[in-house]
Amino acid sequence: STQSTGSSGINAEYGEHLQHYYITNLIELLGMISSEGALHQLVDTCTGVLVLHFTATWSEPCKTVTAALNALSQKFSGISVYQVDTEKVPAFSESNNIDSVPTCFVLSQ
């Protein structure tokens with residue numbers, strides 16, 4: 001019998017598992033900011049281009065954006081990408097009108 005493959009050429013039987021594994025591992029590669037103090041310190045000391053990806057652990061679209069941002073940071077060495085858990089930085093999220101995820105801020109200094 002012949003097994004079907006998706007457009008990426010990954011065996012359809014394993015493709016979903018591998019994609020989930022890939023996205024999960026990318027999330028671990030990016031820095032995760034989970035406190036107001038750490039976020040403010042990062043913004044204040046930023047040099048170059050800083051991408052803040054406001055996310056929530058339960059959001060599937062955030063995982064997709066994480067994969068794209070990781071590829072971006074791998075291609076361009078001058079870009080620093082950090083995830084920010086919006087539920088752990090509520091004051092910053094509220095003061096910057098972040099009311100849905102995923103949301104990205106790009107800062108350049």
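Owing to the predicted nature of the structure, the values given are computational and were not obtained by experimental measurement.
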Identify the heavy atoms of [X] and [Y] that sit nearest to each other, and give their distance.
X: S73; Y: I79; result: CB-O, 4.0 Å
X: H53; Y: C104; result: CD2-SG, 3.9 Å
X: D85; Y: M32; result: N-SD, 3.8 Å
X: C62; Y: A56; result: SG-N, 3.8 Å
X: G48; Y: C46; result: O-SG, 3.7 Å
X: T57; Y: K63; result: O-CE, 4.0 Å

### Message
I'd like to know whether V101 forms a side chain to side chain contact (heavy atoms under 4.5 Å, CB included) with W58, so could you lay out the CA-CA distance, the side-chain angles of the two residues, the decisive distance to 0.1 Å, and finally the verdict.
### Response
CA-CA 10 Å; V101 291; W58 48 263; 4.2 Å; yes

### Task
Return yes when atom CD of E36 has more than 12 non-hydrogen atoms of other residues, nucleotides or ligands closer than 6.0 Å, and no otherwise.
yes

### Message
Is it the case that atom CD in E94 sees more than 12 heavy atoms from other parts of the structure closer than 6.0 Å?
### Response
no

### Atom pair CG/OG1 of L69 and T64 - distance to nearest 0.5 Å
11.0 Å

### Task
To the nearest 0.5 Å, tell me how far H40 NE2 sits from S35 OG.
9.0 Å

### Query
Do L42 and L52 pass the side chain to side chain contact (heavy atoms under 4.5 Å, CB included) test, and can you show the C-alpha distance, the side-chain angles, and the key distance before you say yes or no?
CA-CA 10 Å; L42 182 64; L52 298 176; 3.9 Å; yes

### Task
Given side chain to side chain contact (heavy atoms under 4.5 Å, CB included), test V81 with N70 step by step and report yes or no.
CA-CA 7 Å; V81 179; N70 185 64; over 6 Å; no

### Message
Would you call the rings of F54 and F92 parallel, tilted or perpendicular, taking 30° and 60° as the class edges?
### Response
parallel

### Under 3.5 Å donor-acceptor, T86 side chain and T55 backbone
yes

